[in-house]
Amino acid sequence: MSIRSFAGIAVFALAASSHAADPMADAEMMKLASASGCLTCHSIESGKPGPNGLAPIGPAWQDVGKQYAGKPGAGEFLTRIVLEGSSPYSSHWKGKVSGLSMPPNAVAITEGNARRLVDWILALGR
Ligand code: HEC
């Protein structure tokens with residue numbers, strides 16, 4: 001593990017401990033998600049409809065957290081998908097969301113911040 005990623009985890013652990021009670025109410029993560037454009041397509045809580053009452057464009061992050069929490073390597077796996085986008089030919093959320101695939105977000109967010117959001121998303125499913 002590089003010093004940089006270790007420092008990232010330390011910072012995350014610190015941030016997480018100050019908001020330990022309710023991960024859903026993490027204002028810092030909400031701000032990062034909003035500034036990175038994620039919330040155009042994702043809601044945090046499950047069960048929220050998308051525009052026009054259709055299925056949401058992307059899966060609610062609570063559902064993503066439930067789907068992947070506890071799976072080994074989920075953090076790296078999801079960070080890659082967030083940065084590079086997903087393939088419309090192998091949708092992981094087919095039938096549950098109205099978007100076919102996620103465009104690459106690497107233009108809007110750094111790898112470190114993508115990982116911070118993914119770690120938060122995974123914590124939402126616990
Ligand atoms: C233009 C719409 C859009 C934006 C913007 C967007 N997403 Fe997504 N996202 C999607 C869709 C659609 C899916 C479902 C893809 C699938 O079915 O495989 C998805 C899936 C995901 C998943 C689950 C991946 C999987 O394979 O299960 C994560 C995690 C995620 N997004 C995080 C983010 C983060 C973090 C951001 C902001 C940096 C972001 N998304 C921005 C549309 C978007």
Side-chain angles (χ1 to χ4, degrees):
M1 181 185 292
S2 73
I3 298 209
R4 217 172 139 243
S5 60
F6 179 74
I9 288 169
V11 167
F12 175 72
L14 210 73
S17 67
S18 57
H19 307 282
D22 183 9
M24 206 80 92
D26 192 325
E28 199 190 326
M29 287 296 120
M30 283 298 287
K31 217 168 121 190
L32 180 57
S34 163
S36 310
C38 316
L39 303 183
T40 335
C41 302
H42 291 280
S43 67
I44 310 299
E45 264 180 87
S46 42
K48 294 261 164 79
N52 307 324
L54 297 170
I57 298 171
W61 283 351
Q62 210 178 18
D63 295 335
V64 177
K66 287 203 181 105
Q67 179 77 18
Y68 291 96
K71 296 207 172 131
E76 289 78 30
F77 177 72
L78 292 177
T79 303
R80 287 262 69 80
I81 294 177
V82 169
L83 292 173
E84 291 163 16
S86 67
S87 163
Y89 301 110
S90 59
S91 298
H92 292 148
W93 295 88
K94 198 176 180 169
K96 296 183 186 126
V97 297
S98 59
L100 284 180
S101 68
M102 175 160 64
N105 290 289
V107 285
I109 192 166
T110 63
E111 178 164 359
N113 278 339
R115 183 58 198 253
R116 287 173 73 207
L117 281 179
V118 163
D119 285 342
W120 180 51
I121 291 166
L122 290 171
L124 293 172
R126 278 184 208 129

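Worth knowing before you read on, the calculation uses all heavy atoms, side chains too, and leaves out hydrogens, waters and symmetry mates. Counting starts at 1 for both ligands and their atoms, following the listed order.
- The nearest protein atom to atom 17 (O) of ligand 1, hydrogens excluded, is given as Trp93 N, 2.9 Å; this is a heavy-atom distance.
- Looking from atom 26 (O) of ligand 1 to the surrounding protein, the closest heavy atom is His92 ND1, 2.4 Å.
- Residue-ligand proximity, Pro103 to ligand 1, at heavy-atom distances under 4.0 Å covers atoms 1 (C).
- Judged by distance alone, with hydrogens and angles left aside, the side-chain atoms of Gln62 form no donor-acceptor pair with the main-chain N or O of Leu124 at under 3.5 Å.
- A salt bridge links Glu45 to Lys48: at least one charged side-chain nitrogen sits closer than 4.0 Å to a carboxylate oxygen.
- Remark: Met102 CE to Ile57 CD1 distance equals 13.0 Å, nearest 0.5 Å.
- Minimum interatomic distance between Met24 and Trp120 (heavy atoms only, all atoms of both residues): O-CZ2, 4.3 Å.
- With a 6.0 Å radius and a threshold of 12 heavy atoms from other residues, nucleotides or ligands, Glu111 has its CD atom at or below the threshold.
- Both Val118 and Leu39 are assigned to one and the same hydrophobic cluster, defined by single-linkage of ILVMFWY side chains at heavy-atom distances under 4.5 Å.
- Once rounded to the nearest 0.5 Å, the distance linking OG1 of Thr79 with CD of Glu84 reads 10.5 Å.
- Expressed to the nearest 0.5 Å, how far OG of Ser36 lies from CE of Met29 amounts to 9.5 Å.
- To the nearest 0.5 angstrom, Leu83 atom CG is 10.5 Å from Asn113 atom CG.
- Heavy-atom contacts of Ser101 reach the following atoms of ligand 1: 12 (C) (cutoff under 4.0 Å).
- Atom CD1 in Ile121 sits 7.5 Å away from atom CG in Leu78 (nearest 0.5 Å).
- The shortest heavy-atom distance from Trp61 to ligand 1 is under 4.0 Å.
- Around atom 8 (Fe) of ligand 1, the protein N, O or S atoms closer than 2.8 Å are His42 NE2, Met102 SD, listed by chain and residue number.
- Remark: ligand 1 atoms within the under-4.0 Å shell around heavy atoms of Ile57 are 12 (C).
- The ligand atoms of ligand 1 that sit less than 4.0 angstrom from a heavy atom of Leu78 are 24 (C), 25 (C).
- When each atom of ligand 1 is checked for a heavy atom of Tyr68 under 4.0 Å away, the hits are 25 (C), 26 (O), 27 (O).
- Looking at Ala33 against ligand 1, nothing comes within 4.0 Å, counting heavy atoms.
- Per-residue contacts place Gly37 under 4.0 angstrom from the following atoms of ligand 1 (heavy atoms of the residue considered): 5 (C).
- The single protein non-hydrogen atom nearest to atom 29 (C) of ligand 1 is Val64 CG1, 3.9 Å, given as residue, atom name and distance.
- Taking NE2 of His92 as the reference point, atom CZ of Phe77 lies at 4.5 Å (rounded to 0.5 Å).
- Within the structure, ligand 1 lacks Thr40 among the residues with a heavy atom less than 4.0 angstrom away.
- Using a distance-only test at 3.5 Å, with no hydrogens or angles considered, a donor-acceptor pair links the side chain of Asp26 to the main chain of Glu28.
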